[in-house]
Amino acid sequence: MKPATETIRHRLLTWYRREKRDLPWRRTRDPYRIWVSEVMLQQTQVDTVIPYYHRFLSAFPDPATLADAPQAAVLKLWEGLGYYARARHLHRAMGIVMARHGGRIPDEWDAFRALPGVGDYIAAAVLSIAFGRPYAVVDGNVKRVLARLLCIDLPVNVPKHHADFRQHADHLLDHAAPSAFNQALMEIGALICRPAGPRCNGCPLMGHCCAFTRRQVDAYPRKQARAKVPRHPMAIAVMRRRGKLLLTQRPEKGLLGGLWEFPNARRIDAETPEAACRRLAREQLGLQITPRMTVTRVRHAYTHFQVQAEVLLCDAPRGRVRLDGPSAFRWVAPPDLDGFALPKLVHKLLPALFTALKSTPA
Ligand code: SF4
């Protein structure tokens, strides 16, 4: 083993023991709690996760309660965190933990990795942090630190190079303390070796850092330019009948699966929002509707596209709903919308909708 590698480990662990943040999931070795935290932390900032983590675990304190819960209750507690497939997978995984593993979370790679929603990152994180298994975690923070520390010239955002970063992480991993080592590398990426303005002067790795020594910190990590994210024009039809609004549920699989929303569709070519609302009502619900007013315009960014949606309040006085696309529907009084798990885009339009409903009585 190279002495430099040992020194890096030692410095990193010493720094971590002194400087680590006191986070709720660091006060436990319970693999279930650590798993929940790691799933929430994928794609979401620590400060946002903390209140969700507490609420989720007070409702579902162990695998059995989560496995027994209806999916709607799980999604409701996940509402606002985004990437809802994470919640659905975790829910399904807990069903399997109860049915096939006797309620015990497996501590072996193959068995744990086979559970829904468990990829290499979650498997390495949970198995190392909860069980002390020697698997290196590789997330965005880790890749950035490694790229700078070792002057790795590969772009961090190209999936085919992930295995190269993994090799470096595996080589550096401290097998005597994989839990603390993995958390230390992620923590230094979050607090010191930040994406912009890394605090090299406070960094325990400075003396061993290739990018710092070469005065090339700004050149790492390398990134490949991404294609421009497309923006889709949408129409959202808030359909009203006798004071109630029509909510539809998205199919289980796919983006925002299982969440509730107002019926919506991409606008085709030069279609007006009114025409798009009439068409989607006809095609998705078998209803004839009359658009009455524009409520607002909302924008929202997903990972691979953005939407700009015109929101229209529409009268839907009669007709039986025949679904083609959504998996379920409900006519809901406005105060009861809160009982449904709604995507962020819907939350964005609600204030304007409530104002419009007051000004245009049914
Ligand atoms: S010295 Fe600077 S660039 Fe190098 S690992 Fe530390 S913070 Fe990152």
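Predicted model, so just to flag it, every value in this text is computed and none were measured.
- Judged by distance alone, with hydrogens and angles left aside, the side-chain atoms of R86 form a donor-acceptor pair with the main-chain N or O of M40 at under 3.5 Å.
- Listed for the R330 side chain is no donor-acceptor partner under 3.5 Å among the backbone atoms of T248.
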Would you check, one step at a time, whether the test salt bridge (charged side-chain N to carboxylate O under 4.0 Å, His left out) holds for R27 with D22?
CA-CA 8 Å; R27 296 186 202 145; D22 178 22; 3.0 Å; yes
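- Screening residues 201-226 for salt bridge (charged side-chain N to carboxylate O under 4.0 Å, His left out) gives D153-R222 as the qualifying pairs, with residues at least two apart or on separate chains.
- Residues passing the side chain to side chain contact (heavy atoms under 4.5 Å, CB included) test with L23 are R21, W25, R26, V46, I50, sequence neighbours excluded.
- One distance of note links OH of Y32 with CH2 of W35; it measures 9.5 Å at 0.5 Å rounding.
- Residue pairs meeting the disulfide bond (SG atoms under 2.5 Å apart) criterion with at least one member in residues 39-152, sequence neighbours excluded: C151-C210.
- Nearest heavy atom pair, residue F112 against residue I105, reads CE1-CG2, 3.8 Å.
- In this structure a side-chain-to-backbone donor-acceptor pair under 3.5 Å is missing from H91 to A87.
- R279 is linked by a side chain to side chain contact (heavy atoms under 4.5 Å, CB included) to A265, I268, E271, A276, R282, E283, counting only residues two or more places apart in sequence or in another chain.
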May I have the step-by-step check of side-chain contact (heavy atoms from CB on, under 4.5 Å) for L90 and M94, ending in yes or no?
CA-CA 6 Å; L90 192 61; M94 242 33 88; 3.7 Å; yes
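- The CG atom of L280 lies 9.0 Å from the CE atom of M234; values are rounded to the nearest 0.5 Å.
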Before giving the answer on side-chain contact (heavy atoms from CB on, under 4.5 Å), spell out for M186 and V137 the whole-Å C-alpha distance, their side-chain angles and the decisive distance to 0.1 Å.
CA-CA 8 Å; M186 291 191 279; V137 296; 3.8 Å; yes
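- In terms of heavy atoms, A111 sits closest to H101 at CB-CE1, 4.3 Å.
- Annotation: disulfide bond (SG atoms under 2.5 Å apart) contacts involving residues 258-313, sequence neighbours excluded, are absent.
- Proximity of a side-chain donor or acceptor of R240 to a complementary backbone N or O of G243 within less than 3.5 Å is not detected.
- Panel note: side chain R166, backbone A136; a donor-acceptor pair is recorded below 3.5 Å.
- Looking only at distances, a side-chain donor or acceptor of R88 sits under 3.5 Å from a matching main-chain atom of E252.
- Between atom OH of residue Y53 and atom CG of residue L81 there is a gap of 13.5 Å, rounded to the nearest 0.5 Å.
- Here the side chain of R11 pairs a donor or acceptor atom with the backbone of P204 at under 3.5 angstrom.
- Within the structure, every pair that satisfies the side chain to side chain donor-acceptor pair (under 3.5 Å) test and touches residues 346-362, not counting sequence neighbours, is listed here: E79-H347, H300-K348.
- For T28 (side chain) and D30 (main-chain N/O), a donor-acceptor pair under 3.5 Å exists by modelled atom type.
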Let me have the donor-acceptor pairs involving side chains of residues 255-262, under 3.5 Å, with sequence neighbours excluded, atom names and distances please.
from	atom 1	to	atom 2	distance (Å)
E261	OE1	R250	NH1	3.1
E261	OE1	N264	ND2	3.3
E261	OE2	R250	NH1	3.3
E261	OE2	N264	ND2	3.3

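- Contact of the L245 side chain with the L357 side chain is registered, since non-hydrogen atoms from C-beta on lie closer than 4.5 Å.
- Taking the six-membered ring wherever Trp is involved, the centroid distance between the rings of W78 and F56 falls below 6.0 Å.
- Expressed to the nearest 0.5 Å, how far CG of L205 lies from CD1 of I192 amounts to 9.5 Å.
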Show me, pair by pair, the donor-acceptor contacts under 3.5 angstrom made by side chains of residues 309-323, not counting sequence neighbours?
from	atom 1	to	atom 2	distance (Å)
E310	OE2	R297	NE	2.8
E310	OE2	R297	NH2	3.0

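- The residue from V156, N157, L154 that alone fulfils the side chain to side chain contact (heavy atoms under 4.5 Å, CB included) condition with Q224 is N157.
- Not counting sequence neighbours, Q216 has no partner by the side chain to side chain donor-acceptor pair (under 3.5 Å) test.
- Under 3.5 Å, the side chains of Q42 and Y83 contain no donor-acceptor pair of N or O atoms.
- Annotation: side chain to side chain donor-acceptor pair (under 3.5 Å) contacts of Q167 (sequence neighbours excluded): none.
- Counting all heavy atoms, side chain and backbone alike, A356 lies closest to M293 at CB-CE, 4.0 Å.
- A distance of 6.0 Å separates NE2 in H168 from CG in L150, rounded to the nearest 0.5 Å.
- Residues L146 and M206 fall into different hydrophobic clusters, defined by Ile, Leu, Val, Met, Phe, Trp and Tyr side chains chained together at heavy-atom separations under 4.5 Å.
- For residues 127-149, every residue pair satisfying the side chain to side chain donor-acceptor pair (under 3.5 Å) rule, not counting sequence neighbours, is listed here: D107-R133, S128-N182, N141-R144, K143-H162.
- Applying the salt bridge (charged side-chain N to carboxylate O under 4.0 Å, His left out) definition to pairs two or more places apart or across chains, none involves residues 36-62.
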Intermediate values then yes/no, side-chain contact (heavy atoms from CB on, under 4.5 Å), L247 and L342
CA-CA 10 Å; L247 275 186; L342 308 171; 4.3 Å; yes
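- Not a single donor-acceptor pair under 3.5 Å links the side chain of K20 to the backbone N or O of A184.
- Here the straight-line distance linking atom OG1 of T7 with atom NE2 of H208 works out to 4.5 Å at 0.5 Å rounding.
- Hydrophobic clustering (side-chain heavy atoms under 4.5 Å, transitive across Ile, Leu, Val, Met, Phe, Trp, Tyr) keeps L185 apart from F212.
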